[in-house]
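Remarks on the structure that follows.
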Amino acid sequence: EVEKEQERLWAAFKDEKGRTFFEKRGVLFVPDTFADVSDVIRKVGKRRPTVVHFACHGGEQGLHFSRSFLGSSEFAEFLRHHNDELPGSERVRLVIVNACKS
């Protein structure tokens, strides 16, 4: 069910802007369902995204993942450290949180 929704979303993006619009601009969509904190930290470090979008349970205190919790201040500290190590073009520039109590 979730995978089908991800496929429909990606198809809608491509239909709206054209098949190569995102690829030409270096935009890569990498959905990750049922991730935990270690998955998120590892993948942000490895892929070096400029935008990270969370759709999960959570609120002002942090985000609830499938098997763990990531506090807001802990994630902010991780991002500061992560961004300090990278050139400007490879830093996380935007974090979108779509959580039930955000």
Side-chain angles (χ1 to χ4, degrees):
E1 184 75 27
V2 173
E3 289 81 12
K4 288 180 184 177
E5 181 63 24
Q6 290 170 345
E7 289 172 13
R8 285 192 297 268
L9 181 61
W10 179 230
F13 277 120
K14 289 192 287 189
D15 289 346
E16 178 68 25
K17 293 289 189 178
R19 297 199 55 77
T20 61
F21 177 85
F22 296 102
E23 290 87 356
K24 285 181 181 179
R25 289 160 176 79
V27 176
L28 177 65
F29 292 91
V30 182
D32 192 356
T33 54
F34 307 109
D36 62 21
V37 172
S38 63
D39 293 334
V40 171
I41 299 300
R42 184 179 71 254
K43 289 178 181 177
V44 167
K46 180 180 177 183
R47 293 192 178 270
R48 298 181 178 176
T50 54
V51 177
V52 179
H53 176 224
F54 294 103
C56 59
H57 295 288
E60 291 180 20
Q61 299 302 314
L63 303 173
H64 296 275
F65 292 93
S66 64
R67 297 174 300 277
S68 54
F69 178 80
L70 178 58
S72 300
S73 58
E74 289 84 6
F75 188 61
E77 182 62 30
F78 163 75
L79 285 180
R80 272 192 290 279
H81 176 71
H82 172 79
N83 281 347
D84 285 347
E85 302 293 319
L86 297 172
S89 63
E90 296 183 19
R91 294 178 180 169
V92 174
R93 299 181 64 158
L94 175 66
V95 176
I96 302 165
V97 176
N98 184 11
C100 49
K101 295 182 182 177
S102 64

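All values derive from a computational prediction rather than experimental measurement.
- Taking the six-membered ring for Trp and thresholds of 30 and 60 degrees, F69 and H64 have ring planes inclined between 30 and 60 degrees apart.
- The closest side-chain heavy-atom distance from V44 to F78 is below 4.5 Å.
- In terms of hydrophobic clustering, with Ile, Leu, Val, Met, Phe, Trp and Tyr side chains grouped at heavy-atom distances under 4.5 Å, V95 and I41 are assigned to a common cluster.
- Between V37 and E74 there is no side-chain heavy-atom pair separated by less than 4.5 Å.
- Applying the 4.5 Å side-chain rule to ILVMFWY residues, one finds V51, I96 in the same cluster as L94.
- Within 6.0 Å of atom CD in E23, more than 12 heavy atoms from other residues, nucleotides or ligands are found, so the atom counts as buried in its surroundings.
- Distance check, rounded to the nearest 0.5 Å: CD of Q61 to CG of L70 gives 12.0 Å.
- In this structure, the side chain of R91 engages the main chain of N83 through a donor-acceptor pair within 3.5 Å.
- The distance from the CZ atom of R48 to the CD atom of E85 is 9.5 Å, given to the nearest 0.5 Å.
- Counting non-hydrogen atoms of other residues, nucleotides and ligands closer than 6.0 Å to CZ of R93 gives a total of 12 or fewer.
- Residues F65 and V40 form a side-chain contact, since some pair of their non-hydrogen atoms from C-beta on lies under 4.5 Å apart.
- Listed here is the closest heavy atom pair of E90 and H82: O-NE2, 4.5 Å.
- With sequence neighbours excluded, the residues satisfying salt bridge (Lys or Arg N to Asp or Glu O under 4.0 Å) with D32 are K43.
- In this view, D39 and R42 satisfy the side-chain hydrogen bond (donor to acceptor under 3.5 Å, both in side chains) rule, not counting sequence neighbours.
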Practice item. Please lay out, stage by stage, how K4 and E7 fare under the test salt bridge (Lys or Arg N to Asp or Glu O under 4.0 Å). Key: CA-CA 5 Å; K4 288 180 184 177; E7 289 172 13; over 6 Å; no
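- When atom types are taken as modelled, the side chain of S66 and the backbone of A35 share a donor-acceptor pair closer than 3.5 angstrom.
- Closest non-hydrogen pair, T50 versus S89, comes out as CG2-O, 3.7 Å.
- The aromatic rings of W10 and F22 lie tilted to each other, with the angle between the two planes from 30° to 60°.
- A donor-acceptor contact shorter than 3.5 Å links the side chain of S72 to the backbone of E60.
- No more than 12 heavy-atom neighbours from other residues, nucleotides or ligands sit within 6.0 angstrom of NE2 on H57.
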